[in-house]
**Student:** 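The structure that follows is given in the form of structure tokens.
Numbers restart at 1 for each chain; the letters A, B, ... are given by sequence-line order, proteins then strands.
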There are 2 protein chains.
Amino acid sequence: MDLIFNIDFHSDEALYTQLCNQIIIGIAKETVHEGDCLPSVRQLAEEVGINMHTVNKAYTVLKQEGFVKVDRRRGVIIAVNTDKLRALAETKENLRILLARAACMNISREEIHALIDEIYEEYN
Amino acid sequence: MDLIFNIDFHSDEALYTQLCNQIIIGIAKETVHEGDCLPSVRQLAEEVGINMHTVNKAYTVLKQEGFVKVDRRRGVIIAVNTDKLRALAETKENLRILLARAACMNISREEIHALIDEIYEEYN
DNA sequence: TCTCTGTTATACTCATGTTATAACAGAGAG
DNA sequence: CTCTCTGTTATAACATGAGTATAACAGAGA
């Protein structure tokens, strides 16, 4: 299956951030796999109706964060560069504020665990 | 114990967002409780060395998100307005992208559950 | 050579974050 | 009533970032 991009122009999330997130979710759901090519910047820009530079920014961020790399011959390809210690630290910091909000709203630890399982089911 | 604000002027997070997060974490950790007063906008601005309007924006956001309310006599006080269904939905959506990143970096479901428990321990 | 990659440069518009100065209404204290 | 404290509002200025636009470049494959 191929990646389908769904851009919300009225969202407060930046367009390039939406692209990044959807690609990352695609990797997690195994819609795309290690070594797969992503559309060229011009192609994807045309497809979703945005500027080439916005797509390029998304790819640049994904490259810096270690999700893709550039192959002169094939373009941008999925290549996850695992820095697990750093990823664990970042995940924990992001969870800290997310769980604080949840705790304030009376969401229990058990409800969070349940949500985690539900989402991991989505990722097979 | 009182809230201690730690502002990072070099962060890419907006100053008012940092204030919001630290207050929310303070509520979750029970450093501040329902009914407690927050510093006045001018007081807090002076304390952390930023503009009054930046503090005011943080308070306005917290009010809109249902963490505080304004009492004409006492100022801004902690008052969590629970909209649990909405909170659950938002939490799940935020977890989705966070877990996708984690999954890409080979962080297992069990490791996430462990992180959750570690953080909830911080919140007693 | 032609055409496709990503990349770089420049420039413009627009929204947002932050600061600054100022003023206003409501409420408590003297 | 006056003084002083609240939050709130208005206006203006500036820097930064997001997004677009047009254009050009080097590398690689056909």
Side-chain angles (χ1 to χ4, degrees), chain A residues 2-3 5-24 32 35-79 81 97, chain B residues 2-3 5-24 32 35-79 81 97:
Chain A
D2 224 7
L3 272 182
F5 291 94
N6 216 324
I7 300 299
D8 178 5
F9 289 94
H10 302 93
S11 169
D12 55 340
E13 252 188 352
L15 300 182
Y16 78 91
T17 305
Q18 294 184 46
L19 288 182
C20 286
N21 286 345
Q22 293 187 26
I23 291 169
I24 292 172
V32 285
D36 284 358
C37 296
L38 289 175
S40 80
V41 287
R42 292 171 178 83
Q43 217 175 353
L44 183 49
E46 178 70 20
E47 182 182 332
V48 300
I50 62 178
N51 192 275
M52 179 196 68
H53 290 95
T54 305
V55 178
N56 193 41
K57 176 152 190 178
Y59 284 179
T60 302
V61 170
L62 286 174
K63 192 170 55 178
Q64 288 171 339
E65 293 183 340
F67 291 100
V68 304
K69 67 181 185 184
V70 176
D71 186 321
R72 257 292 171 204
R73 290 161 296 182
R74 304 172 56 209
V76 175
I77 66 178
I78 305 292
N81 186 10
I97 171 64
Chain B
D2 225 7
L3 272 182
F5 291 94
N6 217 323
I7 300 300
D8 179 5
F9 289 93
H10 302 92
S11 169
D12 56 339
E13 253 189 351
L15 300 183
Y16 80 91
T17 305
Q18 294 184 44
L19 287 182
C20 287
N21 286 345
Q22 294 186 24
I23 291 168
I24 292 171
V32 286
D36 284 357
C37 296
L38 289 175
S40 79
V41 287
R42 293 171 177 82
Q43 216 175 353
L44 184 49
E46 178 70 20
E47 181 183 333
V48 300
I50 62 177
N51 192 275
M52 179 195 69
H53 291 94
T54 306
V55 178
N56 193 42
K57 176 152 189 178
Y59 284 179
T60 302
V61 170
L62 286 175
K63 191 171 54 180
Q64 288 172 339
E65 292 183 341
F67 292 100
V68 303
K69 67 180 184 186
V70 175
D71 187 320
R72 257 291 169 204
R73 291 163 295 181
R74 303 172 57 209
V76 175
I77 65 179
I78 305 294
N81 186 10
I97 171 62

**Student:** Can you measure A:Q43 atom CD to C:dT3 atom P for me and round it to whole angstrom units?
**Tutor:** 17 Å

**Student:** Verify side chain to side chain contact (heavy atoms under 4.5 Å, CB included) between A:N56 and A:Y16, making sure each step is shown before the conclusion.
**Tutor:** CA-CA 8 Å; A:N56 193 41; A:Y16 78 91; over 6 Å; no

**Student:** Reading DNA chain D 5' to 3', how would its secondary structure be written in dot-bracket notation, given Watson-Crick and G-U pairs with both distances under 3.5 Å, brackets [ ] for crossing pairs and | for partners on other strands?
**Tutor:** ||||||||||||||||||||||||||||||

**Student:** A side-chain contact here means heavy atoms from C-beta on lying under 4.5 Å apart; do B:P39 and B:Y59 qualify?
**Tutor:** yes

**Student:** Quick check: closest heavy atoms across A:N6 and A:Q22, and the distance to 0.1 Å?
**Tutor:** O-NE2, 2.5 Å

**Student:** How many whole angstroms separate atom CG of B:N51 from atom C1' of D:dT11?
**Tutor:** 14 Å

**Student:** Atom CG of B:D71 and atom P of C:dA27: how far apart are they, to the nearest Å?
**Tutor:** 10 Å

**Student:** A:L19 CG to D:dA18 P: how many Å, rounded?
**Tutor:** 13 Å

**Student:** Starting at the 5' end of DNA chain D and moving along, which residue's nearest nucleotide shows up first, B:G75 or A:R73?
**Tutor:** B:G75

**Student:** Expressed as a whole number of angstroms, how long is the span from B:D12:CG to D:dA15:C1'?
**Tutor:** 16 Å

**Student:** Carefully, step by step, assess B:L44 and B:I50 under the rule side chain to side chain contact (heavy atoms under 4.5 Å, CB included).
**Tutor:** CA-CA 8 Å; B:L44 184 49; B:I50 62 177; over 6 Å; no

**Student:** Do the side chains of B:D8 and B:E13 get nearer than 4.5 Å, heavy atoms only?
**Tutor:** no

**Student:** Quick one: pull up CG in B:L3 and CG in B:L19 and give me the separation to the nearest 0.5 Å.
**Tutor:** 10.5 Å

**Student:** Quick one: NE2 on B:H53 to OG1 on B:T60, what's the gap to the nearest 0.5 Å?
**Tutor:** 10.0 Å

**Student:** Go through B:Q18 and B:N21 one step at a time and tell me if the side chain to side chain contact (heavy atoms under 4.5 Å, CB included) criterion holds.
**Tutor:** CA-CA 5 Å; B:Q18 294 184 44; B:N21 286 345; 5.9 Å; no

**Student:** At under 4.0 Å, does any side-chain N or O of A:T54 touch on OP1 or OP2 of D:dT20?
**Tutor:** yes

**Student:** Are B:I23 and B:F67 close enough that some pair of their side-chain heavy atoms sits under 4.5 Å apart?
**Tutor:** no

**Student:** More than 12 non-hydrogen atoms from neighbouring residues, nucleotides or ligands closer than 6.0 Å to CD on B:E47, yes or no?
**Tutor:** yes

**Student:** Measuring from atom OG1 of B:T17 to atom NZ of B:K57, what distance do you get when rounded to the nearest 0.5 angstrom?
**Tutor:** 8.0 Å

**Student:** Do any N or O atoms of the protein come closer than 3.5 Å to N or O atoms of nucleotides 14-17 of chain C, and which pairs are they?
**Tutor:**
residue : atom : partner : partner atom : Å
C:dG17  : OP1  : B:Y16   : OH           : 2.8
C:dG17  : OP2  : B:K57   : NZ           : 2.4

**Student:** Would you list the protein and nucleotides 7-12 of chain C atom pairs, both N or O, that sit under 3.5 Å from each other?
**Tutor:**
residue : atom : partner : partner atom : Å
C:dT7   : OP1  : A:K63   : NZ           : 2.6
C:dT7   : O4   : A:R42   : NH2          : 3.2
C:dT8   : O4   : A:H53   : NE2          : 3.2
C:dA9   : N6   : A:H53   : NE2          : 2.6

**Student:** How close or far is atom P of D:dG17 from atom CD of A:E13, stated in whole angstroms?
**Tutor:** 18 Å

